[in-house]
Amino acid sequence: MDKMMSASQKRNKNIKKRGRIATVVAAVVLTATVILPGREVYAKHDVQGSIEQHTREAIVQKMREYAPIQPDAEYLWEEAYEERPSITAPYTAGKLKDTYILEGIKAVNLARYLAGLPDDVQPDYTLSKQQQAAALLNAVNGQLSHYPSRPGGMNEDLYNLGANAAKNSNIAYGADTFREAVFDLYMADSGESNIDRVGHRRWILNPRMKKTMFGAVVGQSGTMEVPYSNMYSFDASRAAGEVVYDQIAWPSAGQFPLEVWHDKDPWSVSLNPDIYDNQRTSGIKVKMTRKADGKVWSLDSSDQNKGGKYFKVDTGYYAIPFCIIFRPDSSIKYNPEDQFHIEITGLYSKANGQSVSIAYDTQFFAAEQQESEPQDNAQTHPQNEFSDATVSSWAREYYMNLKSNALLDGVADSNHSRQISRQEFTTIGFNLYQYLTNYEMQEVASPFSDIAQPKISHAAKLGIIQGTSAGLFSPDKQLTRQEAVVVLMNLYKKLGGNTAGVNTSNAIFADDAQIASWAKVDAYAAFNLGLIQGTGANQFQPKANLTKEQAYVMLAKLMEKY
């Protein structure tokens with residue numbers, strides 16, 4: 001429930017993509033029907049038993065079931081409202097359309113399904129006014145807070161309604177959709193202000209949760225407009241004994257899709273405090289082994305680098321008051337088919353006080369690749385947000401590297417062969433910079449009159465890109481190959497890259513005379529660093545417009561250097 005980062009900062013505040021946040025068909029294992037006198041009737045849900053039913057096919061089917069209606073939409077900016085909010089007096093909180101509330105519910109239920117929990121959470125519409133009021137307060141104040149101050153001129157009842165809700169919610173800033181807030185902020189919880197408890201994640205994976213509600217209002221952050229959103233966290237309306245579990249892990253044991261994971265995300269294992277003693281924790285250790293190469297990471301309480309290798313046992317009350325949090329290091333990259341063996345030692349049984357341990361395996365896979373493989377007599381599944389077979393084979397690996405790290409957020413995941421715009425290329429480039437540096441977005445005025453997007457403003461502030469003329473960015477203008485290579489090398493240098501000793505003068509390209517003088521050094525440096533290639537016949541084609549696929553290749557190659 002604590003503060004978190006937004007999708008924008010997802011690119012990690014620590015991860016993967018980053019804003020602020022505060023903080024198929026698998027069979028459900030039913031072990032027994034329980035009837036409480038004078039109360040509800042429910043069937044027990046076994047988390048570990050459910051995880052065992054999670055085949056890849058079942059997971060892909062569930063992801064298809066919970067796929068968003070508009071995967072590339074930024075709906076919190078415009079069309080999400082039945083009644084639009086007003087962030088100036090007289091203030092009104094507005095009302096979200098059911099369609100978009102359900103987009104958030106689907107994301108929550110997908111996360112819960114993957115963790116082995118019941119994926120039957122429903123919207124509680126009685127909370128819609130309070131959640132909108134909470135979002136309104138943060139949007140008006142231009143600040144993400146669980147304890148927002150009362151704006152001048154705001155009705156006391158409206159303020160009290162929102163202030164109450166803000167204390168009881170996950171809150172986020174910068175996420176363009178509720179799905180983005182759920183997976184790239186709340187479930188990621190990788191920022192340095194959240195990794196020590198992963199509280200947002202734990203509230204979403206609360207066994208007792210059965211209802212929730214979302215709120216969102218677009219407001220100011222300095223001179224920029226950003227969405228302020230939230231999710232009610234404190235529901236515990238499910239019967240206490242309905243969910244049976246030893247532990248709830250993220251990523252879970254068994255098969256786990258890379259599409260909802262980021263390289264810098266911490267692992268977490270919430271242990272049932274009725275089974276494991278959460279008072280004797282000083283000797284807990286984690287050993288993590290990658291089976292492909294036998295590499296081992298050993299983690300314990302001495303690992304306290306919140307930006308890298310990290311370990312923490314948290315017994316604070318974030319749904320389950322016993323959670324082991326660990327991350328092997330900040331440079332690890334998770335690839336399809338990577339399998340990890342996790343061993344947790346130093347635990348004690350609550351029942352008899354004896355020493356116990358836990359071991360399980362997690363294997364990552366690319367759900368979109370599963371979607372594109374032939375199934376049942378060579379028939380294929382229809383494309384959805386996790387599958388886009390239109391990426392050319394020569395660019396697909398690079399595209400997957402970027403997408404699996406959420407570095408394509410903010411760019412439509414379609415029409416990959418078309419020419420890329422200045423806004424799209426800058427967005428991916430800034431995502432990459434944020435991902436590699438943990439750069440935190442602060443309030444900054446937009447230097448451009450034709451766009452006021454935080455990522456573009458920060459990219460300009462950092463010197464990654466310049467405008468096309470005084471005060472103009474020309475976001476929809478297509479980017480030429482020579483313009484792109486200048487931005488690429490700006491990124492390289494901003495990341496600490498050094499061109500000393502790199503050949504930047506040889507006329508390698510047959511069309512060298514056509515390359516502008518302001519781009520020539522960068523073009524040859526990028527070529528000799530292995531970041532770009534020619535286009536055939538030893539041509540660079542400097543004035544040709546760059547395609548999205550070409551952008552994927554050069555930016556992914558830059559990422560690989562770090």
Side-chain angles (χ1 to χ4, degrees), residues 1-9 19-23 74-98 100-101 104 123-178 181 185 193 200 212-234 440-449 451-454 457:
M1 185 192 76
D2 19 79
K3 281 185 194 171
M4 217 170 203
M5 281 217 81
S6 112
S8 325
Q9 300 173 356
R20 270 198 176 86
I21 54 178
T23 214
E74 296 181 347
Y75 54 72
L76 294 185
W77 289 87
E78 291 296 339
E79 70 265 30
Y81 301 96
E82 187 173 314
E83 299 172 10
R84 292 195 64 81
S86 172
I87 62 171
T88 57
Y91 303 103
T92 57
K95 183 179 180 182
L96 288 164
K97 294 177 182 176
D98 288 357
Y100 298 104
I101 292 171
D124 185 348
Y125 290 105
T126 66
L127 302 178
S128 58
K129 290 183 179 179
Q130 72 169 42
Q131 298 307 122
Q132 277 300 112
L136 177 67
L137 285 178
N138 282 330
V140 172
N141 291 333
Q143 180 181 9
L144 198 67
S145 174
H146 287 294
Y147 303 96
S149 59
R150 180 178 173 183
M154 178 172 283
N155 173 282
E156 184 175 0
D157 289 341
L158 178 60
Y159 169 70
N160 289 338
L161 184 68
N164 241 1
K167 291 185 290 188
N168 301 323
S169 302
N170 286 345
I171 59 178
Y173 138 79
D176 295 322
T177 70
F178 289 133
L185 299 177
S193 61
H200 308 92
T212 190
M213 180 50 60
F214 291 85
V217 173
V218 173
Q220 292 293 125
S221 175
T223 60
M224 299 180 295
E225 286 191 327
V226 294
Y228 291 84
S229 60
N230 60 58
M231 170 191 166
Y232 180 68
S233 304
F234 284 2
E440 290 192 39
M441 294 170 64
Q442 306 296 331
E443 293 182 2
V444 59
S446 173
F448 307 115
S449 61
I451 188 169
Q453 288 289 339
S457 300

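Computed from heavy atoms alone, side chains included, the values below leave out hydrogens, waters and symmetry copies. Numbers for residues simply follow the sequence, beginning at 1.
- Looking at every heavy atom in both residues, S86 comes nearest to P90 through OG-O, 3.7 Å.
- Listed here is the closest heavy atom pair of A166 and A134: N-CB, 3.8 Å.
- L137 contributes atom CG, which lies 12.5 Å from atom CD1 of I87 (distance to the nearest 0.5 angstrom).
- Between the CD atom of Q453 and the CD atom of E225 there is a distance of 9.0 Å, given to the nearest 0.5 Å.
- E83 places none of its side-chain heavy atoms less than 4.5 Å from the side chain of T92.
- To the nearest 0.5 Å, atoms CG (L96) and CD1 (I101) are separated by 5.0 Å.
- With rounding to the nearest 0.5 Å, the separation of CZ in F178 from CZ in F214 is 6.5 Å.
- In terms of heavy-atom proximity, N155 sits nearest to D157 at OD1-N, 2.7 Å.
- Inter-residue side-chain proximity for Q130 and N168 is flagged as unmet; no heavy-atom pair is nearer than 4.5 Å.
- At a threshold of 4.5 Å between non-hydrogen side-chain atoms, the residues W77 and D176 count as touching.
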Report task. Mind running side chain to side chain contact (heavy atoms under 4.5 Å, CB included) on L158 and Y91 for me, showing each step along the way? Result -> CA-CA 9 Å; L158 178 60; Y91 303 103; 4.1 Å; yes
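- The two residues E82 and K97 come nearest to each other via the heavy atoms N-CG, 3.6 Å.
- For the pair V217 and Y228, the minimum side-chain heavy-atom distance is 4.5 Å or more.
- Without hydrogens or angle criteria, S233 side chain to N170 main chain gives a donor-acceptor distance under 3.5 Å.
- Considering CG of L127 and CZ of F234, their distance stands at 13.0 Å, rounded to 0.5 Å.
- In terms of heavy atoms, Y81 sits closest to L76 at OH-O, 3.2 Å.
- The residue from M213, Q131, Q132 that alone fulfils the side-chain contact (heavy atoms from CB on, under 4.5 Å) condition with N230 is Q131.
- Here the closest non-hydrogen pair linking S229 and A181 is OG-CB, 4.3 Å.
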Query - Stepwise side chain to side chain contact (heavy atoms under 4.5 Å, CB included) test for N141 and S149 - result: CA-CA 8 Å; N141 291 333; S149 59; 3.7 Å; yes
